[in-house]
Amino acid sequence: MFRHCKVFITKLKNLSFQGSWRSRGSSAGERALQYTVGQKIHGFTVKEVTAVPDLFLTSVKLSHDATGAQYLHAARDDSNNLFSVQFRTTPMDSTGVTHILEHTVLCGSQRFPCRDPFFKMLNRSLSTFMNTSRTFYSVINSTSIGCEKDMLFFFRQEGWRLEHKTPTDPSSRLMFKGVVFNEMKGEFSLLLLLHVLFVNARYTHKTLRLFPSQTHWDKPRVDHVTCRPDALAPDPMKQNTLCMSYLLGDITDTFETFTLSLLSSLMISGPNSPFYKALIEPEIGSDFSSSVGFDGSTRQASFTIGLQGMAEADTETVKHIIAQSIDDIIATGFEEEQIEALLHKIEIQMKHQSTSFGLALASYIASCWNHDGDPVQLLKISENVSRFRQCLKENPRYLQDKVQHYFKDNTHRLTLTMSPDERFLEKQAEAEEQKLQQKIQNLSDADHKDIYEKGLQLLAVQSTTQDASCLPALKVSDIEPIIPYTPVQLGTAGGVPVQCCEQPTNGMVYFRAMCNLNSLPEDLKIYVPLFCSVITKLGCGELDYRQQAQRIELKTGGMSVSPQIIPDTDDLDLYEQGIILSSSCLDRNLPDMFQLWSDIFNRLTDAESSVYIFSPHFDDEQHLRVLVMMSSQELSNGISYSGHMYAMTRAARTLVPTADLQETFGGMDQVKFMKSIAEMTDLTSVLRKLPWIKRHLLNPENMRCAVNATPQKMSDAAGEVERFMGNIAANRKERKPVRPTVVERALDPQAASSEPHFKPCQMKTYFQLPFNVNFVSECVRTVPFSHADYASLCILARMMTAKFLHGEIREKGGAYGGGARMGGGGLFSFYSYRDPNSTQTLSAFRGGVEWARAGKFTQQDINEAKLSVFSAVDAPVAPSDKGLGCFLNGITDELKQRYRERLFAVTDKNLIDVAGRYLGVGQQTCGVAILGPENESIRKDPSWVVK
C-alpha cells in the first residue's frame, strides 16, 4: 500500500510547482477561473474557485448534488493526470476490517462484475501509477462501488480465513490464510514495530487507546513491547529501542500544522539539529527510531523522538537526554541560518518540477481533507511561509513557545520501550497456533464441511478465467508510434565530456557527473557504497561536517553520490562501473554549488603550517563511526521492506558480471560487510582506504558531466562547469600520481569494461532470517537491450505477471505480491513478496513458463501486456531528467525508437518462442534465492547453499 509521508518536507518533495507543458494559449488554470460559485456542472455545484499561483493551478471545489460527495478539481497544465477517490474508514477495533475492505472493494462490483478490476486496469490503460492507502484509490479507478455475492469470496481471499493447506484435500491440516494476513505478518515481522504500534493506528487495540481523539491525558504513560532479535544489527548487544511520542494539535488547523512540521524538521533533521547532536553523536544508539518525526496522518498530529540500537541500561539516560534537549531548545532556540536553510529547502521544492505532481498533491491533502479540513489552504505554501516569517519577526521566541506548549508542558505523552526476545517468533507462532486450535475445537462437523466446500468454491472462482470486457481499455493503436526527440548538445569542459540539455527547469540547474572506477583495485570495491554515503557528510575544505551540511542546505537542493553499474546494450558481459555525483540549485547559487564540489574534490594546504588538510575530512574517526552505524542500521532495517529486491540481486549474482557487482554494492554481501565495519572498535584501517578510493574516483580524467538548465542559464552553467573542471584539474597537478600509470579508457558509456573470466553458473541460495514470511526469486540470463528478443521478453514478463503469476502467487498462494520482470541487464526475474510459501512459489514460476510455452493466452492478453509496457516506456520525464538515458546508458533516441517498433511487432509466436528458448528448463543458466524463516526441507537439500 502507498506509505504515508510523515514529514512535511518529504511530502513536498514530489510536488512540481511549475507546469512545464503549458500551452501557449489560455492555460487550464485560466479556463477554470471562468467557473462561478453556484454554477451547475454535470450534477455538481461549484462551491469555490481559487487561484493557487504557487502551484500554477486553479482549484475548483464542488459538491455532488445527489450524494453530497466533495470534489476538488485542480486545473493545471500537466500531461500526467490524476484521479483519486478516498473514503473515511476509521478503524473501530483491531480486526483490520477496514484494511480488508480496502482490498475487497477492488475485487469487483455490480457494474463491473470482474475479479480484481484494479489489477486488470494496470494492463488496460497507460496509467503511470495505481495504488491505494487508507482507502485512498489513486490515479485510475473506474469502478463504482456495489456489493454482490462474490464479494464474500474475495473478503475471505483478501482478509483471513480458515482453509485446508491443500484446498482439495480435506485431510490436510487447517491453517490461517489471506493476503492481508500475510501482508501484516510481514509488517509485524519488522524490527520497526513501533511504526505500527502507535504511529500507524490500524492494527492493535493498544494503538486505539494511545492516541484517540479524546480528553487530554492528565499524566504521561509508559508501555513496553518485545520484538525479534536482529541477526544483522550493527551491535548484537544493543538492540533496544525507546520512543517518546507527543500528541499535538488538530491537522485541520493548516498553519499550525505547517509550523509544527517545520519545527519537527528543525529538531531532528541533519547534524545541526539538537536531537541529532544529543542522541546520535554520543553513539548511545545506532540511529533514530523508524517512527521519528512529525506525523499528520491522523486527526490529531503527533511527534515522536526516539533511538534504536541502544543498550537496555541506557534507557533512563536517553529519557533524560530527550527531556534536557527540550529544555535546551526552549532556552536557546534555533540559529537563524538553520531556519533559513529549511525555508530554502521549501523554495527549492516549489521550483523543482516532478512528473508525479498529481499524486503528491493528492497524498499531501488527503489526511486534512479526510478530517474536514480545507485542502485549498494547504496549497498556499508561500502564504504560510510569509506568515511564518511574520510570526518569527513579531515574537523571536515563537518556536520556543511552541516547544514549551507541545513538549515541555504536554502531559499527553507516551514513552514506549522495545527489547529483543529470543523466543519472540516462537511465541508468535505459539500464539497463532493456540488461536487456530481454539477455533478448530469449536468447529462442528458441519463447520468442517462448510470450510472445505468454501475452500473449493474460492479455488474455483480464483481458477476461472474472468471476462474483463466490461472494463474500459485503450487499444495498442492509440499509442503514438514515434517517440518525441530530446535534443542534447555535446561538448567539453577542461577536456571532460559534457552533455547539455536545455529544458524549462523553472530557475533550477541540475548537475551530474559520472566517475569511472575501472582503475580501482578489486579489494576496495566493496568500500565504494560506504565512500559514497559519507563523502558529502564528513566536512570539506575549511568547513566541518556541520558547517558543510548547513551550506549544502542553504545553497543547493542536495548533493549526493551513489554507485552506478551500467550494463552494455549489446553484450551481457560488458558494463561500465562508477559513481554518479548529483546536485541541483537555484540559478543564483550556481557558483556556491560548484565550490562545494570543488572542496570535496580538492585537498587544501594550511597557509601557516603548509600541512595538507584532508578534504573531505577523512581523519574524523568519531563522526565516521556515527555515519557507519546509521548506514548499517538502515541497511538492516531495509531487508524486511525490500526483501524481494535482495532476493533478486542474490539470485542473479552468478549469471552476469553486473549482477555480481550489484550484490557487492547493494546486496546481502554489502549488508553483512557494513555490519562487520560497524562492529570494528578501530576504524583506522577504513579511514586509510577512503582517500585512496577518492584518488581513483574523483578524477577529472575519468569523468563525464551532464547539465540540465533553461536556455537562458545554460551559458552560465557551462561556464561554472568549465571553472570547476579547471579548478580540480589544476589541484591534481600538484599531487603525486597514485600509481605510475593509470588505466585509460574512452568515456563513451558504450565503450564498457569486460569480464573475460566471468563464467555464468547456477546457484540456489537460502538466507535464513527471523521473518514470518518469505521473499522468493528466480533469475534467468537472457539477452541484452539491443537484441531482437528483448522486446518479446518484456511483453512476456508483463503478460505472465497479470495473467498467471498474480493468480497463483497472490490470489491462491496468499502472498502480498509477485510477478516477473525483464531487466535492462538481460535478466528475466521472477519474484514474490511477503509470501507464506517458498518452494511452492518456485513451482508457480515454472508453471508460468509452461503456461506461456503452451500458448494459453489470447491476443487481448498480448495487447494488454503491450499497454502495460508502454505505460512505463512513455511515462513522463521531468525536465531535470531529460537526456539522462543517453548520458548514463548511451541509449539514444534512435535506440529507443527501434525498441519501440519491436514492442509493437511482438506476436504470439514470438512469446511462445522466447518462453521456450530462454525460460525452458535447461535452456539457459538460472539462479535462485530465498530470504525467509527456518526451512527444514531446504536445509536438508544439498542443492541449496544455506546462509
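- Side-chain polar atoms of N837 and T839 form no donor-acceptor pair below 3.5 angstrom.
- Other residues, nucleotides and ligands place more than 12 heavy atoms under 6.0 Å from the CD atom of Q924.
- Between the CG atom of L581 and the CE atom of M703 there is a distance of 6.5 Å, given to the nearest 0.5 Å.
- In this structure, K909 does not pair ionically with D913, as no charged nitrogen and carboxylate oxygen lie closer than 4.0 Å.
- For the 3.5 Å distance criterion, the side chains of N935 and S838 qualify, holding a donor opposite an acceptor.
- Between the side chains of K764 and S943, a donor-acceptor pair is found at a separation under 3.5 Å.
- Taking the side chain as every heavy atom from C-beta outward, I580 and V561 never approach each other to under 4.5 Å.
- A side-chain donor-acceptor contact under 3.5 Å links N910 and T907.
- For the residue pair R512 and Q499, no side-chain donor N or O sits within less than 3.5 Å of a side-chain acceptor on the partner.
- Salt bridge K856/E850: absent, no basic N to carboxylate O contact under 4.0 Å.
- For the pair D789 and R917, the salt-bridge criterion is met [side-chain N within less than 4.0 Å of a carboxylate O].
- The distance from atom CG of L827 to atom SG of C926, rounded to the nearest 0.5 Å, is 11.5 Å.
- Q577 CD to C515 SG: the interatomic distance, rounded to the nearest 0.5 Å, is 13.0 Å.
- No donor-acceptor distance shorter than 3.5 angstrom exists from the side chain of T658 to the backbone of G825, with no hydrogens or angles considered.
- Taken to the nearest 0.5 Å, the OG atom of S880 stands 7.0 Å off from the CG atom of N708.
- Salt-bridge check for E778 with R846: passed, with a basic side-chain N closer than 4.0 Å to an acidic carboxylate O.
- Atom CE of M799 is separated from atom CG of D908 by 9.0 Å, given to the nearest 0.5 angstrom.
- Under the 6.0 Å distance and 45° angle rule, R821 counts as a cation-pi partner of Y831.
- For the 3.5 Å distance criterion, the side chains of T664 and D669 fail to qualify, holding no donor opposite an acceptor.
- Relative to the ring axis of F887, R704 places its NZ or CZ within 45° and under 6.0 Å from the centre.
- Salt bridge annotation for D893-R900: absent, with no cationic side-chain nitrogen under 4.0 angstrom from a carboxylate oxygen.
- Side chain to side chain, T841 and D835 meet the donor-acceptor criterion of an N or O pair below 3.5 Å.
- Side-chain contact between F775 and R834 is present, with heavy atoms from C-beta onward closer than 4.5 Å.
- A donor and an acceptor atom, one from each side chain of W597 and S583, are located under 3.5 Å apart.
- One finds no salt bridge joining D523 and K689 here, because no Lys/Arg side-chain nitrogen approaches an Asp/Glu carboxylate oxygen to under 4.0 Å.
- How far CZ of F785 is from CE of M822: 10.5 Å, rounded to the nearest 0.5 Å.
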